[in-house]
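For clarity, every value in this text was computed on a predicted model and none was experimentally measured. Throughout, a chain's letter reflects where its sequence line sits, starting with A, and its residues are numbered from 1.
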Number of protein chains: 2
Amino acid sequence: MKLIDILDATPFPIGYRIAFLTNFWREPILRQMEKDFGIIRPELTVLICLSFRDNLNARDICEITEQPSNTVSRGVASLERKGLLTRTRDAVDTRKQILNITADGQKVHDEIMERFKSAEARMLSSLTPIETGRLHAILDKIARDVANWKD
Amino acid sequence: MKLIDILDATPFPIGYRIAFLTNFWREPILRQMEKDFGIIRPELTVLICLSFRDNLNARDICEITEQPSNTVSRGVASLERKGLLTRTRDAVDTRKQILNITADGQKVHDEIMERFKSAEARMLSSLTPIETGRLHAILDKIARDVANWKD
DNA sequence: AATATATAGTTCCATATGGAGCAAAGTTGG
DNA sequence: CCAACTTTGCTCCATATGGAACTATATATT
């Protein structure tokens, strides 16, 4: 038996395929990233946020990513130890720490993003350009609807 | 800032959306499943395999799911303790234990599958039938190509 | 101003998970 | 038949993760 047989039998064929592809597309890169860069998942999440926007604090990152605050806290602390981001006390609200990615952090971020990009290209290599365009449009429509899922 | 902004900036728009949807579609159900049924992820994996096919052993499940043997071993042991599967020594090869799902196990499995099914319906509720059909076809094409990804 | 409440970030703790290595059983090659 | 190797499933250990509680600071209420 192969996984592909279960693919045919599932009562949620699209959800199953989406989760299935995440497993085989994203997870190997995350594991390799740990080995090669010593960066773990919550650290990458923080790097991505800070690469996109300056001067966030940990709470912002919690809200953006819907991750628990202790996970973000650890990610921020370890990234600082590695010199991949800086922490500065907010002068107005001294509880807050303003976070910024460093040049090293940006470099690591970019290299990891490059791996995801290559993996995506491989994942889509069996599709025609029209199929790729349609897939993008449909996934985008669903993703933008996620905010409405709140039960 | 919202997650949706990062959605627009990523260099791997389709892979990002697939992973994003997995996070928001599958993960909440898995967490709720833990609370409501006391079933954790590797246990569900085993249940799904055994629901689909009888008389598998732990090694089969490792190969089907590409999970490490200790994870499967733990899943099998705890499911047996809960009465959701049975273990029988293989008379020919006494190292092997032949696994079968029980009626209780099938019931739990079916209830969990029902939740995934509902969540899928909600996830796809913003699509037209044509879009849903196209999405299914394209994801299926990619998923069946996964076997060729071996680097 | 004093007290109650809310928020930012951390630590503590319990648990999930994977890698490595193990014992027991089976297989292969002489 | 016996030694070397393979396979099955397990335990040990290190680490990732999330919930809850905690500290320090800020804000609201009286």
Side-chain angles (χ1 to χ4, degrees), chain A residues 23-24 26-47 49-50 55-82 85-100, chain B residues 1 23 26-47 49-50 55-82 85-100:
Chain A
N23 275 353
F24 285 88
R26 182 182 65 181
E27 301 308 316
I29 302 177
L30 290 175
R31 276 196 290 277
Q32 199 57 42
M33 173 185 80
E34 281 189 44
K35 284 187 196 164
D36 294 348
F37 299 98
I39 299 288
I40 61 178
R41 196 174 305 221
E43 293 175 328
L44 178 62
T45 307
V46 171
L47 278 185
C49 291
L50 291 178
N55 300 320
L56 297 172
N57 61 45
R59 180 63 36 185
D60 296 330
I61 295 175
C62 291
E63 277 158 23
I64 293 167
T65 63
E66 307 202 5
Q67 290 209 315
S69 62
N70 54 4
T71 298
V72 172
S73 174
R74 272 188 298 253
V76 167
S78 56
L79 286 171
E80 189 194 32
R81 280 195 298 275
K82 293 169 186 166
L85 63 73
T86 58
R87 284 201 272 201
T88 318
R89 279 277 163 214
D90 185 325
V92 178
D93 184 340
T94 63
R95 292 171 306 180
K96 293 184 184 174
Q97 301 178 68
I98 299 172
L99 307 175
N100 280 288
Chain B
M1 178 165 105
N23 275 352
R26 182 182 64 181
E27 300 308 315
I29 301 177
L30 290 175
R31 276 195 289 278
Q32 199 57 42
M33 172 185 80
E34 280 187 44
K35 283 187 197 163
D36 295 347
F37 299 96
I39 300 287
I40 60 176
R41 194 174 308 220
E43 293 175 329
L44 178 62
T45 306
V46 171
L47 277 185
C49 291
L50 291 179
N55 300 320
L56 297 172
N57 62 45
R59 179 65 34 186
D60 295 330
I61 295 175
C62 290
E63 277 159 23
I64 293 166
T65 63
E66 306 202 5
Q67 291 210 314
S69 63
N70 54 3
T71 299
V72 172
S73 175
R74 272 188 297 252
V76 167
S78 57
L79 286 171
E80 189 194 31
R81 280 195 297 276
K82 292 169 187 166
L85 62 75
T86 57
R87 284 201 271 202
T88 317
R89 279 279 161 211
D90 185 324
V92 178
D93 184 341
T94 62
R95 291 172 307 180
K96 293 184 184 172
Q97 299 177 71
I98 299 173
L99 307 174
N100 280 287

Pick base, sugar-phosphate or nothing for Ser69(A), based on heavy-atom distances below 4.0 Å to the nucleic acid. base

Round to a whole Å and report the spacing from NZ of Lys35(A) to P of dG19(C). 7 Å

Between dA8(C) (C1') and Ile64(A) (CD1): distance, integer Å: 15 Å

Measure from the side-chain N and O atoms of Arg89(B) to the backbone N and O of Arg95(B), and report whether any donor-acceptor pair falls under 3.5 Å. yes

Using atom types as modelled and distance alone, determine if a side-chain donor or acceptor of Ser73(A) lies under 3.5 Å from a backbone N or O of Ser69(A). no

Backbone of Ile40(B) reached by a side-chain donor or acceptor of Glu43(B) within 3.5 Å: yes

Under-4.0 Å side-chain N/O to phosphate OP1/OP2 contact, Arg87(A) with dT10(C): yes

In whole Å, what is the span from the CD atom of Glu34(B) to the C1' atom of dA14(C)? 13 Å

Measure the distance from CD on Gln97(B) to P on dG26(C) and round it to the nearest whole Å. 13 Å

Which of the following nucleotides, dT10(C), dG26(C), dG9(C), is nearest to the side chain of Asp93(B)? dG26(C)

Spatial distance of atom NZ (Lys96(B)) from atom CG (Asn55(B)) [nearest 0.5 Å]: 11.5 Å

Just call it for Arg89(A): base, sugar-phosphate, or nothing, with non-hydrogen atoms closer than 4.0 Å on any strand. nothing

Side chains of Asn23(A) and Glu27(A): donor-acceptor distance under 3.5 Å anywhere? no

Pair Asp90(A)-Asn57(A), side chain to side chain contact (heavy atoms under 4.5 Å, CB included): steps then yes or no: CA-CA 9 Å; Asp90(A) 185 325; Asn57(A) 61 45; over 6 Å; no

At what distance, to the nearest 0.5 angstrom, does CZ of Arg87(A) lie from CG of Leu99(A)? 7.5 Å

Under 4.0 Å from OP1 or OP2 of dT17(D): is there any side-chain N or O of Gln67(A) that close? no

Examine the base of dT25(D) for any acceptor or donor lying under 3.5 Å from a partner atom in the side chain of Arg95(A), and report the outcome as yes or no. yes

Value in whole Å for how far the C1' atom of dA8(C) lies from CD1 of Ile61(A): 13 Å

Hey, is the side chain of Thr94(A) poking within less than 4.0 Å of OP1 or OP2 on dA26(D), counting only N and O atoms? yes

Distance-only donor-acceptor test (3.5 Å): side chain Arg74(A), base dG9(C): no

Return no unless some side-chain N or O of Ser73(A) is found under 4.0 Å from OP1 or OP2 of dG9(C). no

Gln32(B) CD to dG18(D) P, straight-line distance once rounded to whole Å: 16 Å

Quiz question: going by heavy-atom distance under 3.5 Å, is there a donor-acceptor pair between the base of dG18(D) and the side chain of Arg31(B)? no

Roughly how many Å is it from CZ in Arg81(A) to C1' in dT10(C), rounded to a whole number? 12 Å

Rounded to whole Å, please give me the gap between CG in Asn23(B) and P in dT17(D). 12 Å

Would you say Thr94(B)'s side chain and Ala91(B)'s backbone share a donor-acceptor pair under 3.5 angstrom? no

Choose from dG18(C), dC10(D), dG9(D) the nucleotide whose nearest atom is closest to any side-chain atom of Lys96(B). dG9(D)

Tell me whether the side-chain N or O atoms of Asn70(B) pair up with the base of dG9(D) as donor and acceptor below 3.5 Å, since no angle test is needed here. no

Mind running a 4.0 Å heavy-atom check of residues 40-47 of chain A against DNA chain D and sending the residues that fall below it, in number order? Ile40(A), Arg41(A), Pro42(A)

Would you say Thr71(A) places a side-chain N or O within less than 4.0 Å of OP1 or OP2 belonging to dG18(D)? yes

